[in-house]
Each structure stands twice: as structure tokens, then as C-alpha cells.
2 protein chains.
Amino acid sequence: MASGSRSGGRVRLKDVADRAGVSMKTVSNVVHDYEFVSPRMRERVQTAIDELGYRPNLTARRLATGKTSMIALALPVVDQPYYAEIARYIGEEAERRGYRIIVEQTLNDVEAERAVIRDREEGLVDGVIFHPVRIGTLEIARLRPETPIVLLGEAARPLTTDHVMIDNAQAARDGVELLLAEKRTRIAFLADVRGDITESTQLRLLGYQEALLAAGIRPDPELVLQSDGFTIEDGVAAIAAAIERGLHFDAVLCRDDTFAMAALRALRVAGRSVPEEVSVLGWDDTVLAHSSTPALSAISPDKLAIATTALDLLEDRMKGYGGTGRHRLAPYSVIERGTTAVLQR
Amino acid sequence: MASGSRSGGRVRLKDVADRAGVSMKTVSNVVHDYEFVSPRMRERVQTAIDELGYRPNLTARRLATGKTSMIALALPVVDQPYYAEIARYIGEEAERRGYRIIVEQTLNDVEAERAVIRDREEGLVDGVIFHPVRIGTLEIARLRPETPIVLLGEAARPLTTDHVMIDNAQAARDGVELLLAEKRTRIAFLADVRGDITESTQLRLLGYQEALLAAGIRPDPELVLQSDGFTIEDGVAAIAAAIERGLHFDAVLCRDDTFAMAALRALRVAGRSVPEEVSVLGWDDTVLAHSSTPALSAISPDKLAIATTALDLLEDRMKGYGGTGRHRLAPYSVIERGTTAVLQR
DNA sequence: ACGCTAATCTATAGCGCTGTAAATGTCAAC
DNA sequence: GTTGACATTTACAGCGCTATAGATTAGCGT
């Protein structure tokens, strides 16, 4: 057996170099399509590569270059439709740009979220895209991570960190205006969730209120439904309780699609027709919106835009941009499907 | 400045060793909680680690050990509820076992699936969990990958490769039996999808047929609905067409939850009540099943069991097990919610 | 105090690749 | 035929860590 070759292991760059009778660097140059390699040499090396079935060891390359071409995506959980869809677009877009995605689920756990910020992934990834829900602006600013990072969502917006979200208040205003245009005047908000420390609900509620005031309607606190949690059961209970106590409403603006599904169910049980008697407007425009009957009208954040914008910002940082935090608003639209229509009297 | 230290970069093992005045290996021992380190030494080193804020470079560790502690999860797409939920459980379980997950979306692309099998991830991950839908048994057997791999789903079951699925035919029989027990006799199957090359539908259809025959009912080919695709619109069209042509049926066994949503919608539009007139049984028990109104009864694969079983098999392989392919059946159940009930006449 | 075993620590050679610096080739222009 | 000016190729020192083998120290019985 030739010295230097190995029986068990994989084929290394060195093996190819020996086979082709050239230096390792030349093989490396061929692998990387380096400009100044003569056609003959390129072919000779390529033949050796093919014959040996060589494939570069990415870990070694990473150690040598310091670049991992991997990005961590930290989300509360990947099977909630909104996050699943964000993950899908970020995954697709990252692939297109030559990055791999490592998914990290923080599972609503404060420590897990802190771990993300504390560079848990350091040396593992070139950057991280993080959608926090439990830790806020101050804490992130304090734990300021060394790894390039882009934040998603409304939970935290440190001045020092890049950030992508949609204009929640404006979207809520647009939603309410749609409902108003349908002659709806008693618009409920589903829901103010007890213990919700994120700003999402607050911003949406703010826009809801502003739109009402702008239309000359005084917001009725009774119409802001309270919920014990984020599940569909919580939402159903909130609407059912409202109906039970005789609350009059002809539309429901929901803080997410799950609550919209809850509204649909509770209204069905109560015998109120959607959209004839009550309009329901969802938020997030997930698979739930497409699957329900009637299909759900909803505020639809442009998830692809969120993904590409986050990646744009992150790539800047990874290339060395060191400025203060940039704040990007991604577009959204209000999609009308089957749960909104002009009020029938 | 002390020689050997560096200003710009991160703190390395060597820096800690110098600071504590010990060898690199001792620091490494402390980091890894090696048994034979004296308490005094351990403390001295730990102090240096803390003072310098040292964190190991995972890439370097990987190169040295050859272990990446990463697993690739290759799925068609991560935002379809079934895959999203599988990803969630595999992610959680992998985290528990000390692995990170790299997500790869094959997006229904044959080449992308081949790339997974061709060790696209080699040297990047210790193993891969792969749910193919476009390439079959033979091709996987032929491209036999070197990286440990576990297959999910019914598309491919090479003898040489480990594999996890549920007993589709039996689950279909169980589902039909539930419907039969509800006095349903005209059970439609939604749907035979044109161009579907996976075995999933075939196995489910087989179980459907077997259960019917076992009950003394001759399967009516008319009841096996045809669909042009897997979307909800395709499903709605299939059911609507059936109703249109006067097909009589009092139950629908669906090959996935999306088709069940389609059935719910088409039946609603046609004015048929669910479950009074028509029972609908979904398959996968995803978030769609929990969110619909009425809540969907469904065949419910034990996704956590699928995840843990897949990881068990994969860990075996990663530890060197080299036997022939093992075939594991994960449990499932038939969950009764609001879309199935005894037929009302 | 000595020998022996076990505990503890050190020195250093890789892991497989890339980047730098230097060596060698090539070719047109003089 | 020499000289530059590039084009092309090579040699090898790291990247930061782990693992092996060996050195040193400690503990204990005699």
C-alpha cells in the first residue's frame, strides 16, 4: 500500500493530490474553481477527484476559514403554523444563498431564549435569526451577543440590534377599517391574553383603538375580550363567555389565526352565521386560514419578505457591518376571503 | 502583551491554559468533566475559564473528534402541518439527546432528494433522518449512502436501510371499522391522487378495501374519488364533483387532514351536515384537526414515538451498528372528535 | 525509605482544509 | 536571448481542539 494513503477513512484532499501528482493547494483551487488553473491541470485533478469520489470535509474547511455557512434559526416552536411558515421561507431563502439552517426551539422557555443570545451557538454558526417571545428589549441589549443576529417579531427591539417586523398598529388599523367599511360597528378584539408580555397584542390593540377613534367610534372596553391563554380552547371560552353575558358584537378582529378558528367555532356553536351576522378577521394568514370553512379573511404578513429582509440584514452583519440596529418594516396585506362581508340586517 | 495571546480573536483553550499555568489537555479535561482532575486544579482552571470567558470552538472539536453531534432532517417542506409536527418532535428529542438539527427541505424535488441520499451532508452531520416522497426503494438502495440514515414514511423501504412508519393498512382498516360501527355503509375514500407515486395512498386504500370486504361489503370503485393534486382545492373539487354526479356516500375516509378540510368545506357548501349525514375521518391528526369546526376525528400517528424511534435507530447506526435495515412500526390511534357519529336517518 | 500501583498532569501529533509567500513557467516585447 | 509581467503551481504553517503516550506525583504496604 502506498504510504500516506489510508484504508478505512474517507478520501482526503491529500489523497487526490497524490493521485494526480500535484500539490494539495492545486486540488483545492480546482475544487473552488479558482481562476488561474490551466485547463489541462483542471482536468487531471478533476479526474482524480472523480475516480476517488472525493468530497471536501466541511468541518475542516470551516475550521480553516472560520466561516460555517450555517445560520441558526431560533423560534418558539416549529409546528405552530406561523413559525412553521417563517421557517419554510427562511429555509428556502437561506438555501438559495448557500447557507444551512440549524433550527433551535426555545419552547417558550426563558432560559432557552437567553441561551440563544448568549452565543450558545458561537463557532457553530455565522449568524442567528431569532424570534423571541419571553425576553425583552433590555435583556437582549444587556446580553449583547457577539454573533451577528437579527430579531423577528415585536417582543424586543433593542437599539443595538437589527430587527424585522410588520407595522402591527397600522395593520390593525387597516383591518378595522375593512370591518368598518362593511358597516360593522361593534368590533370585538380577540383577545387580550393574561400574562402576555409581548408587545404584539399591545400594538394590535393600539391600532384597533386608533381606527375606531378615527371613525368616531368610542372604543368599548367590553369588546376587548380576555383570554387565559393562546390555545383555541381559550379563545372559544372567551367568545362563548362574551356571548353568554349578552355582549353585542358584529365583528371580531383576532390577534392570530388560532383565535380566529376559535371565533368560528364559538360562533357556529352559538348559531351566529359568519360572515352574515359576524365578520371574523384573522391574523398571520397561515394554513389555518386557507383550510377553514368559510376560508378565513386575514391580515397577511409577507412572510417571504420577512425572510429575505432578515437574511439581507444578517448577511450585512456577517460581512462586517457594525452600525447600530436597523429597524425594517415588512409589507403585509389584508386578504378578504369568506369570513368578512357587508353586514346583513 | 504576553506572547501567544491575541488581541482581536476569541479566547482559545491555549489562552486559558496559559492563564492557569497548566497544559491544554488539563483545561480540556476540566471542560469535559474528566474524572481524574484534582479539585484544586479544577477550580484553578475554572477560574481562568470564567475570567477569560472561554467557550470551546465547536468546529475545532468536531474536526478533532470526527463527531459533529448534528443530525440532518430532510423533509419535503417544513410548513405542512404533518412535517412541521414531525420536525418539532424530532427537534425536541434530538435536543434532549445532545444533537442539533439541520433542516433540509427537498421541496418535492427529485434531485434534492437524491442529494440527500448522496451524502450531501457528509462530514457535516453524524446521521440523517429522511422522509422521501419522490424517490423509491430501489433508488435509495442503489445510491446507498455512507452516512447513517433512517427513513420515514411509506415512499421507500429498502432492505438495507432502517425505516419507521405506522401500519397504514391496519390504520385504514381501523378507521373504516369505526365508520362501519356508526352504521355507515357508503364510505368514500378521498382521494386517489393522480401522479402520486408514493405507497401511502396505496396502503391506505388497501386497508380500506380489506375492511370493507371483511364486513361483507363489496368495495365500489366509484367511491374511490380521484383528485388532481394534494391541495385543499383539489379535494374540494373531487368531493363536489362526486356530489354533482349524484354519488351516494355517508362517510369519507381521507388520506390526510387537508383532504378532510376539503371534505368539510365541500359538504358544507352542498348543505350536507357533518357528522349527522356524513362522517369525515381525517388522517395525521395535525393542527388542522384541532382547529376545524367541528373538530376533526382522525387517524393519529404517534409522532413522538416516530421521532424517538427514528432517533433510537439512528443512534444505533451512529454507534456503529451495521446490520440490515430494521423496520419499525410506530403506534397510532383513531381519535374521535366531532366529525364522526352514528348515522342519523 | 523503597517499590509499586494508581492518580494526575504534560507534551505534542494529528484532524483536513485554506491562505500566504514563494517558486516556477510562459510569453510578448525588446 | 533576455527581461519583465503575469500566470500557474507548490510548500507549509496554521485554524482550535482532542487523544495518545509518557512524565510526574501521591498513597500505601513493607
Side-chain angles (χ1 to χ4, degrees), chain A residues 3-6 8-46 48-49 52-70 119 121-126, chain B residues 3-6 8-46 48-49 52-70 119 122-124 126:
Chain A
S3 84
S5 83
R6 303 174 328 158
R10 295 183 50 194
V11 177
R12 298 155 308 162
L13 190 59
K14 182 77 168 59
D15 301 323
V16 177
D18 290 350
R19 168 78 158 234
V22 300
S23 75
M24 287 170 61
K25 182 68 214 210
T26 295
V27 178
S28 174
N29 284 156
V30 170
V31 168
H32 288 285
D33 269 326
Y34 178 63
E35 182 181 4
F36 299 118
V37 176
S38 64
R40 279 180 47 210
M41 180 62 91
R42 193 180 298 279
E43 192 189 322
R44 174 144 65 107
V45 171
Q46 188 58 54
I49 288 176
L52 263 29
Y54 169 74
R55 254 161 331 180
N57 177 318
L58 299 184
T59 301
R61 181 180 291 170
R62 273 163 200 179
L63 182 57
T65 59
K67 295 277 126 211
T68 67
S69 68
M70 296 208 288
D119 290 327
E121 314 292 348
E122 182 158 355
L124 218 193
V125 297
D126 296 336
Chain B
S3 86
S5 84
R6 304 172 330 154
R10 295 183 51 195
V11 178
R12 299 154 308 162
L13 190 59
K14 182 77 168 59
D15 301 323
V16 177
D18 290 349
R19 169 76 159 235
V22 300
S23 75
M24 285 170 62
K25 181 70 219 222
T26 296
V27 178
S28 174
N29 285 156
V30 170
V31 168
H32 289 284
D33 270 326
Y34 177 63
E35 184 181 5
F36 299 117
V37 176
S38 65
R40 280 180 46 209
M41 180 61 91
R42 193 180 297 279
E43 192 189 320
R44 175 147 64 110
V45 171
Q46 189 58 54
I49 288 176
L52 263 29
Y54 169 74
R55 254 162 329 180
N57 178 318
L58 298 185
T59 301
R61 180 180 292 172
R62 274 162 199 179
L63 183 56
T65 60
K67 295 275 126 213
T68 67
S69 68
M70 296 207 288
D119 291 327
E122 181 158 354
L124 217 193
D126 296 335

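The sequence lines fix the lettering, A, B, ..., with proteins before strands; numbering per chain opens at 1.
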J.: Specify the separation, in whole Å, of atom CZ of A/R62 and atom P of C/dG19.
T.: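 Distance, rounded to whole Å: 14 Å.
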
J.: Indicate yes or no for a side-chain donor-acceptor contact from A/R55 to the backbone of A/R10 under 3.5 Å, with no hydrogens or angles considered.
T.: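 Side chain of A/R55 to backbone of A/R10: no pair is present.
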
J.: Using a heavy-atom cut-off of under 4.0 Å over every strand shown, decide if B/Y54 touches base, sugar-phosphate, or nothing.
T.: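 Since only primed, P, OP1 and OP2 atoms lie under 4.0 Å of B/Y54, the category is sugar-phosphate.
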
J.: Between atom CD1 of B/I49 and atom CG of B/L13, what is the distance when rounded to the nearest 0.5 Å?
T.: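 Between atom CD1 of B/I49 and atom CG of B/L13 there are 8.0 Å.
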
J.: Provide the closest heavy-atom pair for A/L124 versus B/L58 in the form atom of the first, atom of the second, distance.
T.: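 Residues A/L124 and B/L58, closest heavy atoms: CG-CD1, 3.8 Å.
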
J.: Nearest to the side chain of A/M41, heavy atoms from C-beta on, is which of D/dC17, D/dT10, C/dC17?
T.: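 It is D/dT10.
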
J.: Can you give me the closest heavy-atom contact between A/Y54 and A/R12, atom names plus distance?
T.: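 Scanning both residues completely, I find the closest heavy atoms to be CE1-C, 3.5 Å.
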
J.: Heavy atom of residues 19-29 of chain B under 4.0 Å from DNA chain D: which residues?
T.: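 Heavy-atom cutoff 4.0 Å gives B/M24, B/K25, B/S28.
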
J.: Output a table of nitrogen or oxygen pairs between the protein and nucleotides 22-25 of chain C separated by less than 3.5 Å.
T.:
none

J.: Quickly work out the B/N57 CG to D/dT18 C1' distance and round it to whole Å.
T.: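 Spelled out: CG on B/N57 to C1' on D/dT18 is 13 Å.
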
J.: Mind calculating the distance between NZ (A/K14) and P (C/dC15) to the nearest angstrom?
T.: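 Answer to the nearest Å: 11 Å.
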
J.: With no hydrogens and no angle check, is any side-chain donor or acceptor of A/T59 less than 3.5 Å from a backbone partner on B/T59?
T.: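 No; judged by distance alone, with no hydrogens or angles, the pair does not exist.
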
J.: Restricting to side chain to side chain contact (heavy atoms under 4.5 Å, CB included), what partner residues turn up for A/A60, sequence neighbours left out?
T.: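 Partners of A/A60 under the side chain to side chain contact (heavy atoms under 4.5 Å, CB included) test: A/N57, B/L63.
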
J.: Mind checking side chain to side chain donor-acceptor pair (under 3.5 Å) for B/R61 and listing every partner two or more places apart, or none if nothing turns up?
T.: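 By the side chain to side chain donor-acceptor pair (under 3.5 Å) rule, B/R61 matches no residue at all.
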
J.: With rounding to the nearest 0.5 angstrom, report the CZ to OH distance, B/R42 to B/Y34.
T.: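 Taking CZ in B/R42 and OH in B/Y34, the distance rounds to 10.5 Å.
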
J.: Can you name the side chain to side chain contact (heavy atoms under 4.5 Å, CB included) partners of B/A48, sequence neighbours left out?
T.: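 By the side chain to side chain contact (heavy atoms under 4.5 Å, CB included) rule, B/A48 matches B/V16, B/R19, B/A20.
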
J.: Quickly work out the B/D18 CG to D/dC17 P distance and round it to whole Å.
T.: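 Answer to the nearest Å: 12 Å.
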
J.: Compare side-chain N and O positions of A/S38 against OP1 and OP2 of D/dT9 and report whether any pair is under 4.0 Å apart.
T.: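 True: A/S38 side-chain N/O within range (under 4.0 Å) of D/dT9 OP1/OP2.
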
J.: Can you give me every donor-acceptor pair (side chain of residues 24-33 of chain A, partner residue at least two apart or in another chain, under 3.5 Å) with its distance?
T.:
residue	atom	partner	partner atom	Å
A/T26	OG1	A/S23	OG	3.2

J.: Tell me: OH of A/Y34 to P of D/dT9, nearest whole Å?
T.: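 Taking OH of A/Y34 and P of D/dT9, I get 10 Å after rounding.
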
J.: Which whole-number value in Å describes the distance from A/R12 CZ to C/dG14 P?
T.: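 Value for this atom pair: 11 Å.
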
J.: Hey, what bend do you get for the helix from C/dA1-D/dT30 to C/dC30-D/dG1 if you fit axes on five pairs at each end, rounded to 10°?
T.: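 Answer for the end axes of this duplex: 40°.
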
J.: Expressed in angstrom and rounded to an integer, what is the separation of B/L63 atom CG from D/dC15 atom P?
T.: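 Going from CG in B/L63 over to P in D/dC15 covers 13 Å.
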
J.: A/L13 CG to C/dG19 P: how many Å, rounded?
T.: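 Going from A/L13 (CG) to C/dG19 (P), I get 12 Å.
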
J.: For the residue pair B/R62 and A/R62, establish whether any side-chain heavy-atom pair is separated by less than 4.5 Å.
T.: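 No, every pair of side-chain atoms sits at 4.5 Å or beyond.
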
J.: Of all the choices, D/dC17, C/dT8, C/dT18, which nucleotide is nearest to the side chain of B/F36 once you look at every atom?
T.: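 When the side chain of B/F36 is considered, C/dT8 is the closest of D/dC17, C/dT8, C/dT18.
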
J.: B/Q46: which residues meet the side chain to side chain donor-acceptor pair (under 3.5 Å) condition with it, sequence neighbours left out?
T.: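 B/D50.
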
